[in-house]
Amino acid sequence: MNAHESTDLEESMFVAEPLGVEDPRVHPAWLPPEAFRALGARRVLVHGDGLLVDTVLDEVTRACTRYGGRVWHSPSWDVEVDLVLTLRDADELPNSAVEAARSAAEAALVDVADGATLGDEGFLLARAGELTVVLADAPAGLLYGLFHVVRLCAGAFDPARPPELHRPALRRRMLNHWDNVAVHPVMGQVERGYAGGSIFWAGGRPRGDLARIREYGRLLAASGINAISVNNVNVGRAEAMLLTDRLGDVTEIADVLRPYGIRVHLSVTFAAPVVLGGLTSADPFDEDVRAWWAATTRRVYERIDDFGGYLVKADSEGQPGPFTYGRDHADGANLLAEALAPYGGVVHWRAFVYNHHQDWRDRSTDRARAAYDHFAPLDGRFRTNVVLQVKFGPVDFQTREPVSPVLAAMPATRIAVELQVTQEYTGQQRHVCHLGPCWSEVLRFAPWGPGGRTIADVATGEAGTGGGLVAVANTGDDLFWTGHPLAQANLYTFGRLAWDPRLDATAVLDEWMTLTFPPSATAEPELVRRTLHEIMDDSWRTYERYTAPLGVGFMVHPGDHYGPDVDGYEYSRWGTYHFADRDGVGVDRSRASGTGFAGQYPPYWADVYESPQTCPDELLLFFHHVPYTHVLHSGSTVIQHIYDTHFAGVEEVAVMRRRWQTLNGMIDPTVYERVAERLDEQVRCATEWRDQINTYFFRKSGIPDARGRRIH
């Protein structure tokens, strides 16, 4: 490349290439070629070196090749450009205009952040005369800055755009894949997967489709995710061997994802010294066990020097753990943390621990209490590289739960908030259910009372030292990644909220729409955007209306967790009950007469949840057993609320389907047809929910619908 030539690559975008002779193209999700038009039509200079800078250069080159722009990589010459992506400590540019622009960006940084460092992943976007500048301290920041330019489209080049400082609030923004290496006889290739098979594994072996894994890395980086675990937390024999004999399979994945700034983690079995090492014990206090973990971890880092760490599910639902040896969870977690510490690795230790052999007749045992009872007494005993991974609610990713009291109970422990992007209890990617508003409610919840610190603050920690956000992934080998094309928005939204938990979920959804359905490639773009908002904005609450009411949860088919079965778990060992009888419904979790769970909260919320008179309507049946004639704050009785919301939910889904039909011919027909098919199923399933729930409670209560509608 000489002084006046830009790179000239074959005109192609990665996603436009077929993945194999027989495979269709993979849907580009929020990175279609058209999203790069504003960038690709301009003159761009990339200044700096490093693996991730090479990724930036590759992305820019592909865009410019497609849309007629030009790109230069430093050391450069005196060329005229529209956009500079530069590292702060890169050599001085032999281009007076560009160097002046970089200096202007430095000055803007002083104005917006008192000259603070941008950190490993932060960046500044600023206008300097006719130039747009992205300034970063490190290559990862330049990569995230590039994708921000793509997100802004032409707005990144608006002369009136003020300087913007962007730094991630959370250092670790992680996805957990529940992918099985060997096909599980019940759960299949992906546990709770609703988008086909794994992109990593197939039938006991690596899937081998590295091109698809690379494209996945692009999508994750563009949304802000920087870490993944690549196997199920329920670790079987084949999955356990990834730590030792099959470490090369993990190394291959790590090599593909590294150019997009994504660190790989592994789910490991606590019994690994026995299962893999031939020891007779996995006791955390056994010196041979400690030595085995130290040696094994050293070998992992010899192969993958940026390995993220371990994820552990222990003493839960049959998984082995420290209880076997009379030890507690701090003892178990600290064992692995000690092995990881020399390399900067972390252990994510899940707090999902409870008795799954409960007696439904014993109302003193409460699954909701379990995580707090197990872990709150251990606060302050975990090593600093232990991250306690706590589900956002106290039970199991239900459509509506209170925020887990554990998140407020352990100030001396690094806490990660665990969400579920895969829609296990929210429609399984057969139903439209945009979860951004739900997650925002969780993150903005103030457990010590209104105006106090929030769950986002807990995840962030002091000076960014918190455990971050983690979510169970919803991706698979489906053409659309997530099965339902609109479920892609949940994955994108998680990444963006993990970058900044205070973002407005509706604004993030709007970003996803702009990228996924670019106005320049969409017929009637404003109609498309408006229709998508009408379908998706309130879809979580619509789903709540036609499923389990007022926070009571479950009422699903056991096993697959799809579709209504009001008493499906009512007499089971799993501890997920609604206790409906002829007089009322709900679980008494008060301190005065119930399980005492309400008392696990700080005083403000403990008092609010204690009484049916002060408990929020949407959580009433989670905390209280009340008569069907109990009057809600809304003015409706419990039984009438059940009838009204279930009729309303079905009507709302029918409207969703009609609205979607207006987009026929305006968007990609393969997307249109897949969503139309899923909406047909959502209408069918919502109707089934309505009829089963309403009939069940009519027969239990004997109270008819005040509006006289048909109940079977």
Side-chain angles (χ1 to χ4, degrees), residues 194 398-400 423-435 437-438 483-487 489-490 531-557 560-568 578 580 585 617-618 620-621 628 632 634-664 674-701 703-712:
Y194 310 109
Q398 295 304 289
T399 310
R400 177 77 68 172
Q423 293 173 230
E424 179 179 357
Y425 295 102
T426 52
Q428 300 190 355
Q429 285 136 239
R430 284 177 266 187
H431 296 213
V432 179
C433 186
H434 178 52
L435 294 168
C438 171
H484 198 310
L486 302 189
N490 285 331
T531 302
L532 286 169
H533 274 296
E534 289 170 346
I535 290 170
M536 299 178 72
D537 283 356
D538 202 41
S539 56
W540 162 54
R541 293 179 181 86
T542 292
Y543 185 87
E544 181 182 24
R545 288 179 190 112
Y546 63 77
T547 54
L550 299 170
V552 74
F554 287 88
M555 298 186 174
V556 292
H557 287 148
D560 68 5
H561 296 168
Y562 184 75
D565 187 344
V566 185
D567 281 339
H578 56 70
V585 59
D617 285 350
E618 64 270 18
L620 178 67
L621 301 186
Y628 295 109
L632 302 170
S634 67
S636 175
T637 62
V638 167
I639 189 64
Q640 194 59 44
H641 173 91
I642 291 171
Y643 297 153
D644 288 346
T645 53
H646 285 79
F647 279 111
V650 173
E651 291 170 4
E652 289 164 14
V653 175
V655 170
M656 284 182 187
R657 181 168 63 177
R658 289 197 297 271
R659 284 174 170 156
W660 182 255
Q661 290 166 352
T662 67
L663 301 184
N664 195 2
R674 176 67 69 86
V675 174
E677 169 243 316
R678 297 290 162 110
L679 282 168
D680 286 344
E681 165 58 15
Q682 188 168 359
V683 170
R684 184 208 65 78
C685 191
T687 303
E688 184 180 23
W689 270 99
R690 178 198 67 194
D691 291 345
Q692 288 204 24
I693 296 289
N694 283 350
T695 297
Y696 179 93
F697 284 105
F698 172 59
R699 293 181 179 182
K700 279 284 187 185
S701 68
I703 301 172
D705 173 28
R707 302 177 189 274
R709 292 164 292 196
R710 182 183 182 189
I711 297 179
H712 299 274

Is there side-chain contact between [X] and [Y], with at least one heavy-atom pair below 4.5 Å?
{"X": "Arg400", "Y": "Trp540", "answer": "yes"}
{"X": "His641", "Y": "Leu550", "answer": "yes"}
{"X": "Arg541", "Y": "Pro437", "answer": "yes"}
{"X": "Asn490", "Y": "Gln423", "answer": "yes"}
{"X": "Met536", "Y": "Leu486", "answer": "yes"}

side-chain hydrogen bond (donor to acceptor under 3.5 Å, both in side chains) between Tyr546 and Gln682, intermediate numbers included:
CA-CA 11 Å; Tyr546 63 77; Gln682 188 168 359; 3.2 Å; yes

Calculate, to the nearest 0.5 Å, the distance between atoms [atom1] and [atom2] belonging to [X] and [Y] respectively.
{"X": "Asp565", "Y": "Tyr696", "atom1": "CG", "atom2": "OH", "result": "10.0 Å"}
{"X": "Ile711", "Y": "Asn694", "atom1": "CD1", "atom2": "CG", "result": "5.0 Å"}
{"X": "His646", "Y": "Arg709", "atom1": "NE2", "atom2": "CZ", "result": "11.5 Å"}
{"X": "Asp617", "Y": "Ser634", "atom1": "CG", "atom2": "OG", "result": "5.0 Å"}

What is the minimum heavy-atom distance between [X] and [Y], and which atoms define it?
{"X": "Arg678", "Y": "Gly483", "value": "NH1-C, 3.6 Å"}
{"X": "Met656", "Y": "Ser539", "value": "CE-CB, 3.8 Å"}
{"X": "Thr542", "Y": "Gly649", "value": "CG2-O, 3.9 Å"}
{"X": "Val585", "Y": "Ala580", "value": "CG2-CB, 3.8 Å"}

Q: Check step by step if side-chain contact (heavy atoms from CB on, under 4.5 Å) holds for Tyr194 and Glu424.
A: CA-CA 8 Å; Tyr194 310 109; Glu424 179 179 357; 3.6 Å; yes

Can you list the steps and then say if Leu621 with His578 is a side-chain contact (heavy atoms from CB on, under 4.5 Å)? CA-CA 8 Å; Leu621 301 186; His578 56 70; over 6 Å; no

Discussion item. Quick check on the 6.0 Å ring-centre criterion: do Tyr643 and Phe697 meet it?
Written reply: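 Between Tyr643 and Phe697, the centre distance exceeds or equals 6.0 Å.
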
side-chain contact (heavy atoms from CB on, under 4.5 Å) between Thr637 and Leu632, intermediate numbers included: CA-CA 6 Å; Thr637 62; Leu632 302 170; over 6 Å; no

**Request:** Please confirm whether Arg430 makes a cation-pi placement over Tyr562, using NZ or CZ under 6.0 Å from the six-membered ring centre and within 45° of the ring normal.
**Result:**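 Verdict for Tyr562: a cation-pi partner in Arg430.
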
List the steps, then state whether side-chain contact (heavy atoms from CB on, under 4.5 Å) holds for Arg684 with Trp689. CA-CA 9 Å; Arg684 184 208 65 78; Trp689 270 99; over 6 Å; no

Original post:
Under the 3.5 angstrom rule, does the side chain of His557 hit a backbone N or O of Pro564 as a donor-acceptor pair?
Top reply: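 Yes, the answer is positive, given that a donor and an acceptor are paired below the 3.5 Å cut-off.
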
_Please check this pair: side chain of Glu534 against backbone of Arg659, looking for a donor-acceptor N/O pair closer than 3.5 Å._
no

ask   = Do we see a donor-acceptor contact under 3.5 Å between the side chains of Tyr543 and Glu652?
value =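 Tyr543 vs Glu652: no donor-acceptor pair found between side chains.
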
**Study point:** Asp705 bridged to Arg710 by N-O distance under 4.0 Å
**Key:**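 Judged by the 4.0 Å cut-off on N to carboxylate O distance, Asp705 and Arg710 do not form a salt bridge.
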
- Query: How are the rings of Tyr425 and Phe554 set to each other: parallel, tilted or perpendicular (split at 30° and 60°)?
  - Reply: perpendicular

